[in-house]
Structures are given as structure tokens and as C-alpha cells.
Amino acid sequence: MTQPTLDTALVSSPADLRRHLTTHLDPAALAWLEHALDEAAAHPGIHGPISAWELRLAEAGRRCGAAYADAARVLILDAARAGTDALTRVYFQGTADERRAVLHALPHLVSGPGALPLVEDALRTNDTRLLTAAVGPYAARHLAPHDWRHAVLKCLFTGVPVDRVADLARRARGDGELARMLGDYAAERTAAGRTVPEDLYRVLDLTESAGPAPGTDHPHGKES
């Protein structure tokens, strides 16, 4: 029977990911992962045209299987202590799978907004798996209100379930501009004879709850 894919976005920490993989990977895959993590920890950061741990990212799908490859890649990035520069290189030079792993790793490896260009790039695609990774906890913490609202609409447009948008209830609460945008989108679809996604009404309900104090809708306290 096919193993369900581990939902990396819903696992709270690299330590939790490692515990999960330790109990689910077969012995050969686990041995490969442990070696890859030791190698990354021994030679962290960027070295030359490509680091050894970057090669392991490319191998993860074959070694660990599709169900656990995202988690394995996040652990390798964490072990390599990949900073913004390394994550940016992996993201723009890597496959869609590697890009997704970078997005999942951001909340664990980047404390400030410096990696937002990676999220913004992912939000310009129509790859629903990449979009799902892009609207995780890092975006919830750092994406400016205008860009975050458009990310929510992009999820509705592409069919990404809004329950995959991290911290949706908090950020949507009392957001009158988001409510206006949702209303416009619903009106456009209705006028075109198309159904309105049920998720749209879920988000609209969230915007009608009590809002934050004026000037605090940005995670850093101001609109950009």
C-alpha cells in the first residue's frame, strides 16, 4: 500500500520530523539519512559551486521515497545550518521538490524577513504544492498585508485549501480590505456564471470577527 505523504508543513520542528522519520523509514533509508545529516553538520554552509549536502537534497526522493523526501530535505537543510544565501541558491537552482523543501525550512532557519523573495517567487507560480508551502508559518510571520491578501486569493484561484494558510484566522480577523477583495472576486465569478469557492465564505466569515487596533495589521506593526 502507498505510504501517505508526510505533511511537513504541519510538523512543528526539525526534532519532530526526525523522530517521525526514525520510526517510519526502512533501515537502508534511515542509514542514508543519518549519514547525510552527519555530513551536512560536519560541513555546513556553502562550499564552492555545490556543497555535498546540496547533492543529498537531490538524492532524497530516491533514497527516502516520495512520502518522506520533503522531511528529509528539511532536516538536511537544518543540519547544514543553511542561511538565507544558501537557501536562496538551493531555491533558484533546485527542482520544484527542492524549492518546496526550502519553503518548509524557512520558519526553522530564517528569523527575519530576509527570505521573503523566495516566498514571493513561489506565490507567482501556479504549482499548488509550491503555493501550499509558500503560505506556511514564515509567510504568516513576515508577509506584508497587501501581499498576504493576494496570497489568500491565489489559493482560492488555484484551489489550494485555505486551511493550509498558516495563522489564517489571526491575520484575516477584522481585515476589511481582504473582505472587499473577497467580495469583488465572488462578484466576478458570479457574473461569469462560475461557482464561488466555499473556502471564500470561510475566509469572509473570519474577516467579520473583531479586528486588531488600528496600525497593527502588519506583523511588525505597520502596513508596507
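It should be emphasised that the depicted structure is a prediction, and the values quoted were computed from it without experimental measurement. As a basis for the values below, the full set of heavy atoms in this structure was taken, side chains included, without hydrogen atoms, waters or symmetry mates.
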Under 4.0 Å between a Lys/Arg side-chain N and an Asp/Glu carboxylate O for E39 and R56? yes
With [X], which residues qualify under salt bridge (charged side-chain N to carboxylate O under 4.0 Å, His left out), at least two apart?
X    : answer
E120 : none
E54  : R89
D121 : R99, R124
D97  : R100

Minimal non-hydrogen separation, W53 against P44, with atom names: NE1-C, 4.3 Å
R202: what forms a side-chain hydrogen bond (donor to acceptor under 3.5 Å, both in side chains) with it, not counting sequence neighbours? D199
Taking side-chain hydrogen bond (donor to acceptor under 3.5 Å, both in side chains) as the definition, give me every residue that meets it alongside D167, ordered by chain and number, with sequence neighbours left out. R170
So the salt bridge (Lys or Arg N to Asp or Glu O under 4.0 Å) pairs with at least one residue in residues 182-194 (sequence neighbours excluded) are R180-D184
For residues 74-88, pull every pair meeting salt bridge (Lys or Arg N to Asp or Glu O under 4.0 Å), keeping only residues two or more places apart or in separate chains. none
Within the 4.5 Å heavy-atom criterion, are [X] and [Y] side-chain neighbours or not?
X    : Y    : value
L168 : D163 : no
S51  : H43  : no
L25  : Y68  : yes
V135 : L123 : yes
M181 : H150 : yes
V196 : Y185 : no
L118 : F92  : yes
Y91  : V119 : no

Students should find that the hydrophobic cluster of I46, defined by side-chain heavy atoms under 4.5 Å apart, otherwise consists of none
Starting from L57, can I reach I50 by hopping between I/L/V/M/F/W/Y residues whose side chains sit under 4.5 Å apart? no
Would L55 end up clustered with L37 when hydrophobic side chains under 4.5 Å apart are linked, directly or stepwise? no
Counterpart residues, side chain to side chain contact (heavy atoms under 4.5 Å, CB included), relative to A15 (two or more places apart): S13, R19
A105: which residues meet the side chain to side chain contact (heavy atoms under 4.5 Å, CB included) condition with it, sequence neighbours left out? V74, L77, L109
Separation of L21 CG from C64 SG (nearest 0.5 Å): 7.0 Å
Interatomic distance, CG@L17 vs CG@L75, rounded to 0.5 Å, equals 5.0 Å
For the residue pair H20 and H24, does the interplanar ring angle fall in the parallel (under 30°), tilted (30 to 60°) or perpendicular (over 60°) class? parallel
Selection residues 25-37 - residue pairs positive for side chain to side chain donor-acceptor pair (under 3.5 Å), sequence neighbours left out: R18-E34, W32-E59
